[in-house]
Amino acid sequence: MTRVRFAPSPTGYLHIGAARSALFNWLYARKVGGKFLLRIEDTDLQRSTDESTRSIIEGLEWLGLDYDEEKVFQSDNADKHRAAARKLVDEGKAYRDFTPKEERGDANVKQDIADRARAHAAEGIDHRSNPFRDLAKDESDRRAAAGEPFAIRLKVAREGASHFADIVYGDQDRAYSEIEDLVLLRSDGHPLYNLSVVLDDIEMGITHVIRGQDHLTNTHKQILIYQALGAAVPQFAHLPLILAPNKAKLSKRKHGEVVSLTTYRDRGFVPAAFRNFLALLGWSPPEGKEILSKEELIEAFSLEAIGRANAVFNFHENDPRHWTDDKALWMNAEYIRTMPLDELLPMVKEELRAEKLWREEYDDDEREWFSNVVDLIRQRFFTLKDFSSQGRAYFSEDFDLDEAAVRKNILKEAKLRELLPQLATRLDQVEPFTAANAETALRTFAEETQQKAGLFINASRTMLTGQSVGPSMFDVFEIMGRERSAMRLRSQRPWNEFQV
RNA sequence: GGCGCAUUGGUGUAGUUGGUUAACACGCUGCCCUCUCAAGGCAGAGAUCACGGGUUCGAGUCCCGUAUGCGCUGCCA
């Protein structure tokens with residue numbers, strides 16, 4: 001039985017890269033009929049928060065990624081991890097290191113490491129040398145018993161090499177000489193990441209580890225731990241990273257909310273659309289068809305079809321029209337205008353509710369009307385937010401008139417101030433009030449007044465919706481209804497609100 | 001510094017075991033449609049497949065080197 005897991009650390013929001021890892025794990029599990037498990041890696045107690053755990057779970061739920069079995073909190077297993085480390089010492093596969101802990105500033109760790117390595121190389125120091133590696137067991141036991149603090153390090157073989165075949169990246173080899181004796185347990189008794197993941201993965205019976213490529217080289221160390229523990233080594237599949245437009249690592253600090261999954265929910269993404277978009281980052285469907293439902297994704301998915309080059313997540317944070325990847329936006333628009341209306345309606349309802357535009361009638365007497373409006377206006381919307389912003393005039397009298405639209409379509413022609421109310425009067429007499437009849441009335445009126453129909457059409461659009469763009473005007477008349485249409489045509493707002 | 005991984009148009013990707021004009025999607029430009037904007041249809045611009053060497057009758061596809069980027073190198077995860 002295939003068992004995979006998603007193992008995020010709850011230190012902030014759910015990153016889209018992590019979300020994609022979760023997606024791929026989930027797709028693989030569903031594809032092969034295995035289990036998709038969730039483990040919260042909260043060993044870093046200072047940085048882990050319950051709020052973050054909640055947002056991760058919400059994020060998975062939003063994407064439609066259901067997990068099997070009970071979720072595991074890594075911190076619950078700390079005792080087992082400690083015990084395992086001690087056992088390795090007893091077996092001589094690990095040793096106590098009594099070297100005092102070296103404090104590291106969190107700021108430029110990477111730089112420190114590189115500097116240290118350079119210095120060691122210059123001085124000809126073998127970075128693997130450790131005076132405690134070969135300390136006699138009884139001496140080590142004695143010092144430990146005396147209360148001297150120590151860390152536990154894995155004893156890495158001096159000769160040989162580690163090898164594994166990554167499903168995505170292929171054969172991976174690493175000489176043991178490149179691997180330091182890694183710390184398993186901190187001197188304060190805290191188990192470290194590499195030990196914890198391995199132990200938990202063993203306990204959870206994980207058969208395939210699917211995770212970010214940033215763990216590719218760490219995998220050799222983890223395999224060493226599996227071997228020391230005498231456990232079976234799972235299969236590994238590493239995923240290419242998702243990078244920022246400048247090809248730098250996508251980070252919370254530098255890139256802000258675009259990398260947070262919740263942003264997409266809050267800014268009106270349809271879950272299926274974002275899931276679809278995410279699936280296309282690093283993976284491509286064999287048939288070339290890119291719009292794929294959940295079921296189609298599962299059907300088409302395979303680890304072998306995952307690429308090896310990092311993907312760039314293209315966004316322009318200061319451009320409201322392109323605040324996130326263009327393709328993601330397009331995908332969302334595509335879903336909004338083509339998905340079954342029944343599935344879209346509840347999402348629009350939520351959006352209107354949040355913006356206090358929802359009326360219970362839409363679920364009752366005006367259900368059909370509501371459904372028609374949504375179907376009419378969804379054609380040119382990009383996000384669910386558009387229903388309450390650009391679509392506001394359909395649901396409320398309290399909507400803004402776009403100044404540019406008013407100037408272009410109304411104020412430019414002074415005579416409209418007289419003509420629009422006359423047009424309203426014509427519409428009062430249309431029966432039944434359908435798009436076709438409204439059109440006839442408007443065109444007749446245009447002929448009689450010797451104006452172009454377009455003048456009235458565009459002016460009407462702005463009067464009724466506040467905007468210069470939108471659906472076919474006669475459909476708008478019909479959906480707005482006679483009363484509202486006539487009333488808005490008689491409105492003096494353009495002249496009251498803007499200087500002519 | 002060491003080690004590892006990657007490198008196909010602006011972005012995401014296809015390119016079977018090397019073999020005609022490098023394919024698709026997003027974006028972009030133009031045209032059609034038209035009451036606007038989208039959508040849709042049509043047409044198009046944009047890649048000497050990072051660069052340099054090889055191997056070969058022939059390389060985006062194989063080999064070597066260089067560059068660039070990313071990752072790891074921590075008593076972080």
Side-chain angles (χ1 to χ4, degrees), chain A residues 7-9 11 41-44 47-48 97 99-104 106 109-110 112-122 127 149-153 166 169-170 172-175 177-180 182-188 190 192-194 196-197 212-221 238 240-241 243 245-249 277 280-286 288-291 307-315 322 325-331 333-334 337-338 379-382 405 408-409 439 442 452-458 460-462 467-474:
Chain A
S9 56
T11 54
E41 306 220 319
D42 57 346
T43 54
D44 188 337
R47 293 196 295 156
S48 299
D97 180 356
T99 312
K101 183 183 175 188
E102 190 177 332
E103 290 300 338
R104 251 177 229 296
D106 222 33
V109 214
K110 307 284 176 196
D112 285 356
I113 295 164
D115 290 346
R116 192 188 58 162
R118 241 188 304 275
H120 281 184
H127 63 285
F150 59 86
I152 291 179
R153 305 187 94 112
D166 190 89
Y169 285 90
Q172 299 295 315
D173 296 283
R174 192 153 202 224
S177 61
E178 292 299 328
I179 306 173
E180 275 184 279
L182 55 143
V183 175
L184 265 19
L185 206 63
R186 257 167 29 182
S187 50
D188 62 3
H190 212 89
L192 255 9
Y193 172 72
N194 284 123
S196 296
V197 243
Q213 186 242 47
D214 45 346
H215 290 287
L216 190 63
T217 41
N218 278 334
T219 303
H220 292 286
K221 296 181 189 172
H238 286 88
L241 267 19
L243 271 24
N246 61 356
K247 297 197 191 298
K249 195 175 180 179
F277 170 74
L280 263 21
L281 244 32
W283 172 78
S284 62
K289 182 189 166 200
E290 296 193 323
I291 299 286
R308 282 174 288 274
N310 293 337
V312 171
F313 187 67
N314 207 10
F315 58 89
H322 304 280
D325 198 289
D326 276 345
K327 193 157 179 173
L329 250 11
W330 167 81
M331 184 80 75
E334 177 72 16
R337 67 176 171 257
T338 63
Q379 300 305 327
R380 57 215 80 206
F381 285 174
F382 279 79
K408 176 168 165 244
N409 294 332
E439 174 160 14
L442 184 146
K452 281 187 185 165
L455 176 70
F456 293 123
I457 289 171
N458 291 322
S460 296
R461 175 152 33 238
T462 302
Q467 295 161 11
S468 62
V469 302
S472 169
M473 198 49 216
F474 303 111

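Just so we're on the same page: letters track the sequence lines, and every chain starts at 1.
- Dashed line: the shortest gap from a side-chain N or O of A:Lys327 to OP1 or OP2 of B:rG27 is not under 4.0 Å.
- Protein atom CG of A:Leu280 is 10 Å distant from nucleotide atom C1' of B:rC26, rounded to whole Å.
- B:rC28 and B:rU17 have their P atoms separated by 36 Å, with the value rounded to a whole Å.
- With C1' as the reference atom, B:rU8 and B:rU68 are 16 Å apart, rounded to whole Å.
- Between A:Arg116 and A:Glu180 the shortest heavy-atom distance is NH2-OE1, 4.0 Å.
- Backbone-only engagement by A:Asp326 is indicated by non-hydrogen atom pairs under 4.0 Å involving sugar-phosphate atoms exclusively.
- Atom CE in A:Met331 sits about 14 Å away from atom P in B:rG12, given to the nearest Å.
- Between A:His220 and B:rG4, no base-stacking contact is recorded for ring centres under 5.5 Å apart and planes less than 30° from parallel.
- Nucleic acid contact for A:Tyr193: base, since at least one base atom lies under 4.0 Å from a heavy atom of the residue.
- Of the side-chain N and O atoms in A:Arg461, none sit less than 4.0 angstrom from OP1 or OP2 of B:rC35.
- Ranking B:rU7, B:rG12, B:rC26 by closeness to the A:Trp330 side chain, first place goes to B:rC26.
- Here the nucleotide nearest the side chain of A:Asp214, chosen from B:rC72, B:rA39, B:rC35, is B:rC72.
- Regarding A:Phe474, its CZ atom lies at a distance of 6 Å from the C1' atom of B:rC35, rounded to whole Å.
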**Report entry** Residue pair A:Asp42, A:Ser48: steps toward the side chain to side chain donor-acceptor pair (under 3.5 Å) verdict
**Finding:** CA-CA 6 Å; A:Asp42 57 346; A:Ser48 299; 5.8 Å; no
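- Between A:Glu41 and A:Tyr193, the shortest heavy-atom contact is OE1-CE1, 3.3 Å.
- A donor N or O paired with an acceptor N or O is not found under 3.5 Å between the base of B:rC3 and the side-chain atoms of A:Thr217.
- Residues A:Glu178 and A:Ala151 each lie close to RNA chain B; by heavy-atom proximity, the contact nearer the 5' end of the strand is made by A:Glu178.
- Among the protein residues, A:Leu192 comes within range of the sugar-phosphate backbone only, with heavy atoms under 4.0 Å from sugar or phosphate atoms but none that close to a base.
- Rounded to whole Å, the separation between the C1' atoms of B:rU66 and B:rU7 comes to 13 Å.
- For the pair A:Lys247 NZ and B:rG12 C1', the computed distance is 11 Å after rounding to whole Å.
- Within 4.0 Å (heavy atoms only), A:Pro100 reaches at least one base atom of the nucleic acid.
- For the C1' atoms, the distance linking B:rU29 with B:rG9 amounts to 15 Å, nearest Å.
- Nucleic acid contact class of A:Gly212 (heavy atoms, under 4.0 Å, all strands): none.
- Rounded to whole Å, the P atom of B:rG52 lies 31 Å from the corresponding atom of B:rG44.
- Using a 4.0 Å cut-off, some side-chain N or O of A:Ser284 falls inside it from OP1 or OP2 of B:rA14.
- One P atom belongs to B:rG41, the other to B:rC26, and the distance between them is 10 Å to the nearest Å.
- Between B:rC75, B:rA6, B:rA77, one nucleotide has an atom nearer to the side chain of A:Ser9 than all others, and that is B:rA77.
- Contacts of A:Phe381 with the nucleic acid, taken as non-hydrogen atoms under 4.0 Å apart, are absent.
- Across all strands, A:Lys452 comes closer than 4.0 Å to no nucleic acid atom at all (heavy-atom distances).
- Protein atom CZ of A:Phe277 is 10 Å distant from nucleotide atom P of B:rG12, rounded to whole Å.
- Taking atom P in both B:rU21 and B:rG12, the straight-line distance is 27 Å, to the nearest Å.
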Requested in this report: I would like to know whether A:Leu241 and A:Lys249 meet side chain to side chain contact (heavy atoms under 4.5 Å, CB included); could you show each step before the answer?
Outcome: CA-CA 8 Å; A:Leu241 267 19; A:Lys249 195 175 180 179; 5.9 Å; no
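- Looking at RNA chain B, the stems built from 3 or more consecutive Watson-Crick or G-U wobble pairs, each pair with its key distances under 3.5 Å, are B:1-7 with B:67-73, B:10-13 with B:23-26, B:28-32 with B:40-44, B:50-54 with B:62-66.
- Look at CG on A:Asn310: it is 15 Å from C1' on B:rU8, rounded to the nearest Å.
- Across the protein-nucleic acid pair, A:Ile291 atom CD1 and B:rA39 atom P stand 13 Å apart, rounded to whole Å.
- Using a 4.0 Å heavy-atom distance criterion, A:Glu41 is classed as a sugar-phosphate-only contact.
- One atom, CG of A:Asp173, and another, C1' of B:rC5, lie 13 Å apart when rounded to the nearest Å.
- Nearest to the side chain of A:Arg337, among B:rG12, B:rA77, B:rA39, sits B:rA39.
- Among the protein residues, A:Ala453 comes within range of no part of the nucleic acid, since none of its heavy atoms lies under 4.0 Å from any strand.
- The side chain of A:Asn194 approaches B:rA77 more closely than any other nucleotide in the set B:rA6, B:rA77, B:rG74.
- Atom P of B:rG54 sits at a distance of 35 Å from the matching atom of B:rG71, rounded to the whole Å.
- Considering only side-chain atoms of A:Lys249, the nucleotide from B:rC75, B:rC72, B:rA6 that sits closest is B:rC72.
- With hydrogens and angles left out, the side chain of A:Arg380 and the base of B:rC37 share a donor-acceptor pair within 3.5 Å.
- Note on A:Arg118: a side-chain N or O is less than 4.0 Å away from OP1 or OP2 of B:rG1.
- Nucleic acid contact class of A:Lys408 (heavy atoms, under 4.0 Å, all strands): none.
- Within 4.0 Å (heavy atoms only), A:Gln467 reaches no atom of the nucleic acid at all.
- Residue A:Ser187 is classed as a base contact, given a heavy-atom separation below 4.0 Å to a base.
- With contacts defined as side-chain heavy-atom distances shorter than 4.5 Å, the pair A:Leu442/A:Met473 does not qualify.
- For A:Tyr169, counting side-chain heavy atoms from C-beta on, the closest listed nucleotide (B:rC76, B:rU73, B:rC5) is B:rC5.
- Nucleic acid contact class of A:Pro471 (heavy atoms, under 4.0 Å, all strands): base.
- Among the nucleotides B:rC76, B:rA25, B:rG4, the one closest to any side-chain atom of A:Leu216 is B:rG4.
- One finds a side-chain N or O of A:Thr43 lying less than 4.0 angstrom from the OP1 or OP2 phosphate oxygen of B:rA77.
- Not counting sequence neighbours, the partners of A:Asp188 by the salt bridge (Lys or Arg N to Asp or Glu O under 4.0 Å) test are A:Arg186.
- Residue A:Gly307 is the one, among A:Gly307 and A:Ala248, whose nearest nucleotide of RNA chain B lies closer to the 5' end (criterion: closest heavy atom).
- Minimum atom distance to the side chain of A:Ile457 is reached by B:rC35, of the listed B:rC35, B:rU73, B:rG12.
- Here the closest heavy-atom approach between residue A:Gln213 and residue A:Pro240 is recorded as CB-CA, 4.3 Å.
- Considering only the side chain of A:Asn218, B:rC72 comes nearest among B:rA25, B:rC72, B:rU13.
- Side-chain nitrogen and oxygen atoms of A:Arg116 include at least one within less than 4.0 Å of the OP1 or OP2 phosphate oxygen of B:rG74.
- The shortest heavy-atom contact between A:Ser460 and A:Phe456 is OG-O, 2.6 Å.
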